[in-house]
Every structure is written in structure tokens, then in C-alpha cells.
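Order of the sequence lines fixes the chain letters, A, B, ..., with proteins taken first and strands second; residue numbering starts at 1 for each chain.
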2 protein chains.
Amino acid sequence: MVRPDSQLPDTKTRILDAAERLFMENGYAATSVRMITGAAGVPVALVNYHYGSKQGLMEAVYARALGNRGGSRVGYLDRLEAVAGGKPIAVDVLVDAFLSSALRLTRKDNISGEVFKQLIGRAFYEPGPGTEAFFPLEYREAVDRYRQAFMRALPHLTQDDVVWRMYFFVGIVAYAMAGKDVMRMTENYSLADAGDPEAVMARLRPFVVAGFQAPAGMPRGT
Amino acid sequence: MVRPDSQLPDTKTRILDAAERLFMENGYAATSVRMITGAAGVPVALVNYHYGSKQGLMEAVYARALGNRGGSRVGYLDRLEAVAGGKPIAVDVLVDAFLSSALRLTRKDNISGEVFKQLIGRAFYEPGPGTEAFFPLEYREAVDRYRQAFMRALPHLTQDDVVWRMYFFVGIVAYAMAGKDVMRMTENYSLADAGDPEAVMARLRPFVVAGFQAPAGMPRGT
DNA sequence: GTCTATAAACGGATAGAC
DNA sequence: GTCTATCCGTTTATAGAC
């Protein structure tokens with residue numbers, strides 16, 4: 001277990017690293033165990049030895065990527081509300097907080113921020129193991145807390161309005177994280193800052209904030 | 001080829017119907033040819049006979065779903081611009097037009113609107129055959145035309161701003177169409193109108209319009 | 001056009017030596 | 001913990017009868 005003088009990570013970690021990248025690039029079903037072990041330079045059998053099955057490996061990938069973020073997800077919001085002292089928090093602050101706590105990455109592990117984000121984004125679209133298990137449990141509380149905060153900040157909106165707009169917000173973020181950009185927008189128009197998460201957030205913020213602050217949507221020809 | 005008195009479609013169409021549904025539900029890699037032929041009630045060999053390969057079948061699914069929409073995609077915008085006579089078209093009208101021409105379905109074929117939408121949405125997130133080939137070619141002109149129209153309507157924005165906001169717009173639509181709703185938002189909050197495309201569009205419109213009209217995003221702490 | 005039978009390769013998982 | 005060899009089911013695709 002202890003190998004302080006080795007250059008490469010141990011086989012268990014190498015498998016996880018390769019799986020993370022390949023699952024992210026191709027998706028779960030289109031990635032074979034042999035592709036993973038081939039990329040990691042280890043024999044196939046080690047996947048089952050270390051992780052039990054392909055599905056177990058996928059779940060380990062998500063477990064490492066999410067790490068111990070469960071607690072810290074609402075921690076930031078807690079602090080904001082403590083400072084606000086009962087008064088509503090401004091929408092732009094909430095949008096930033098939601099983006100940061102959901103996406104911002106300050107890990108000690110060796111996973112890169114880019115990979116993490118695409119991995120999370122993929123969970124929003126691809127059916128398969130690893131995602132169903134923990135996502136609702138981990139995120140449900142955070143979503144509800146933000147919903148309440150947004151409703152306090154936007155008293156002109158109904159709960160349905162707020163939930164829908166959070167849904168759209170999540171959609172934008174997921175697409176920015178995991179989307180294929182099939183219209184080649186960032187390519188055809190050579191958006192210089194496409195690869196920089198901070199820059200994308202800067203573009204995102206005013207769009208989403210204005211969306212939240214928009215008048216309520218008329219349910220039907222009103 | 002001609003079977004006017006038969007109750008069921010011919011085998012070629014039945015295969016395409018089943019493939020469309022299963023590819024949509026499970027994704028390309030997770031759907032086997034045998035699942036498709038099993039659902040269609042035909043022997044496996046007919047897939048290769050009619051479509052050459054599994055990939056050919058996938059491409060046929062997309063080809064039928066997109067149909068002859070190529071020409072009509074910018075047709076609506078053409079008419080709007082003719083009516084406007086050189087003056088900018090209002091943002092909300094452009095948003096509606098983009099939604100309608102990209103998503104609204106008035107097909108004569110037997111494909112359902114729901115299936116079509118999820119199929120297109122899936123193209124935005126899943127790597128695999130069928131999508132790369134035609135999407136840029138079919139949509140590039142439309143995207144560029146709308147970009148120009150949005151820029152005329154929003155003179156305070158740079159081209160990068162407009163393209164980014166169109167990108168966010170597409171992201172919302174794709175997520176609303178194909179997303180897994182992994183946070184169970186529409187479920188936990190029992191959004192009554194989640195299944196109704198028109199209702200979702202009504203919720204979407206004010207959010208996106210306000211987002212487009214927002215002040216320009218500051219590239220970095222300005 | 002339709003079907004059965006089969007080919008040839010690949011999938012995940014395991015047994016057992018080291 | 002690591003690795004080779006293998007099992008066995010499933011995969012796509014095809015050959016050839018009807």
C-alpha cells in the first residue's frame with residue numbers, strides 16, 4: 001500500500017484514472033474493461049480484483065470525484081444566510097454561490113477539475129450505474145435550500161417559477177460542462193475563452209441572473 | 001414495397017421504429033441489434049440487409065427524424081425579416097422563432113414529437129455515430145442567420161456575447177429535451193406541466209429573453 | 001424480401017499459478 | 001497483489017436456403 005518512492009501510482013489508482021478519462025470520453029456502455037486496462041497498462045483481471053465489476057469501477061469513479069463534498073455543499077449558503085441575518089440574499093450572490101458550491105473544485109486528489117466537471121455533467125444525461133445511487137440523496141437538500149433562498153430573493157415568483165428557472169440554470173451548466181457543442185459554436189466563432197471555466201462563469205452569470213429576475217412566465221396566453 | 005392492405009408497416013419501417021425508440025431510451029452503445037429486432041419482431045439479419053450495419057441503422061434513424069427540415073429551418077426567419085424590412089426583430093420574437101423552427105414538429109411521418117425531441121437532445125450529449133455527419137452542415141447556416149438577427153436586436157452586445165448566449169439557450173433546450181433531471185426537480189416539486197412542451201416553452205421564454213437582454217458580461221472583474 | 005444457422009470477434013468475469 | 005489463461009455469454013455481421 002505504501003510506495004513513497006515509486007514514480008507511477010499503484011495499479012488500483014491507475015485503473016481508476018484511466019476509467020475516469022475513458023468513461024468521460026466515451027460513456028459507460030461504449031467503454032470496455034479491456035480499453036481501461038489497456039490504457040492503464042495492467043491486466044484485465046485487476047479490475048474485478050480491485051473493484052468487483054465494471055459497474056463497481058464506475059461507482060468508484062464517481063465516489064472519488066464527489067469525494068467528501070456532501071457537507072460543504074450547503075456550508076457556503078449557511079454562511080451567506082448567517083451574514084444576511086434574515087434578509088433575502090441577492091440573486092447574483094445566490095447564482096455565484098450555487099455555481100461555486102456545485103462546481104468549484106478545490107480537491108486534494110489528483111483528479112483534474114476539467115475531468116470532474118465533465119464527469120458530473122455526464123451523469124445528467126447518460127443512463128447507467130453510478131449516478132442514480134447518490135445524486136438525489138447528496139443534492140436534494142442543497143437544491144431545496146437554494147430554492148428557498150431564491151424564493152426569498154424573488155418574491156414575485158411562484159415556487160414553480162423558481163424551480164423551473166433552477167432547472168434551466170442546471171441545464172446551462174450541464175451543457176457547458178458535458179455538452180458536445182454539436183453546432184460547433186465555440187469552434188466556428190472561435191470563442192477564445194471557451195476552455196476557461198472562470199471565463200465561462202463570467203459569461204454565464206449575467207445571463208442567468210437576468211433570467212431569474214425576469215417577470216413570471218405566463219402559464220398560457222395571459 | 002406496396003402493401004396497402006396490411007395492418008403493420010413493413011419490416012424495414014418496423015426496424016426503424018424500434019431502433020428509434022430503443023436508441024432514444026438506452027443510447028447507441030447500450031442498445032444491441034438483437035434488442036431492436038426482438039422488439040420489432042423480425043429476424044436479426046434484416047438489419048444488415050436493409051441498413052448495412054448497426055451504424056447505418058442509427059444514421060437512418062437520424063435521417064428520418066430530421067427529414068427535409070433543412071430548407072424550412074431558416075424559412076421562418078426569412079419571413080420575419082421580410083416583414084421587419086431592415087429593422088431589428090424583437091428578441092422575444094427571435095427566441096420564439098428559434099424554438100419553433102428548431103423544435104416544433106409538424107411531420108407527416110409516424111415519428112412522435114416526443115421521440116424526435118429526445119433523439120435530437122441525445123445527439124447533443126452522446127458520442128457516437130449518426131450525429132457528427134450532418135449536424136454542422138444542416139445547422140450552421142441557421143445558427144449564423146440567428147446570430148446576425150440577435151446581434152441586430154442587441155446592439156449593446158459583442159459577437160462573443162451573442163454567441164455565448166445562444167450557446168446557453170441551446171443548452172437549456174437540450175437539457176429540457178434530453179436531460180435526466182438527475183436532481184429530480186420535476187419529480188420532487190411535482191411540476192405539473194413538465195410533460196407539456198408548450199408549457200415548458202412558456203416557462204422558458206421569459207427566462208431566455210431576459211438573459212439575452214442582460215447587460216454584457218464583464219470578461220473579468222470590471 | 002425473409003429467414004435460419006453460423007461465423008468471428010468481443011464482452012465481463014474467474015480460476016489458479018506466482 | 002499481480003498476472004496468464006480461460007470460460008462463457010453476447011455482440012455484430014454474413015452465408016446460404018427459401
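Relative to the six-membered ring of A/Tyr51, A/Lys12 meets both conditions, a distance below 6.0 Å and an angle of at most 45° to the axis.
Under the 4.5 Å side-chain criterion, counting only non-hydrogen atoms from C-beta, A/Arg147 is not in contact with B/Met185.
Nucleotide D/dG1 holds its P atom 14 Å from the CZ atom of A/Arg14, rounded to whole Å.
Between A/Phe98 and A/Tyr146, the two ring planes are perpendicular [angle over 60°; tilted spans 30° to 60°].
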Item to check | Base-pairing string, 5' to 3', of DNA chain D - Watson-Crick or wobble, under 3.5 Å, | interstrand | outcome: |||||||.||||||||||
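Near-neighbour residues of DNA chain C inside residues 34-42 of chain A, defined by a heavy atom below 4.0 Å, number-ordered: A/Arg34. At a non-hydrogen distance threshold of 4.0 Å, B/Ala45, B/Asn48 from residues 43-52 of chain B come into contact with DNA chain D.
Take A/Phe23 and apply the ring pair (Phe, Tyr, Trp, His ring centres under 6.0 Å) test, not counting sequence neighbours, and it matches A/Tyr28. Remark: A/Phe150 engages A/Phe212 in a ring pair (Phe, Tyr, Trp, His ring centres under 6.0 Å) (not counting sequence neighbours). Residues satisfying the side chain to side chain contact (heavy atoms under 4.5 Å, CB included) test with B/Gln148, not counting sequence neighbours, are B/Asp144, B/Arg152.
The minimum heavy-atom distance linking A/Asp193 with A/Ala199 is given by the pair CB-CB, 3.4 Å. Scanning all heavy atoms of the two residues, the minimum distance from B/Asn48 to B/Ser53 falls at OD1-CA, 3.7 Å.
Between D/dT11 and B/Ser32, a contact under 4.0 Å exists linking OP1 or OP2 to a side-chain N or O. The shortest distance between the side-chain N/O atoms of A/Ser53 and the OP1/OP2 oxygens of C/dG12 is not below 4.0 Å.
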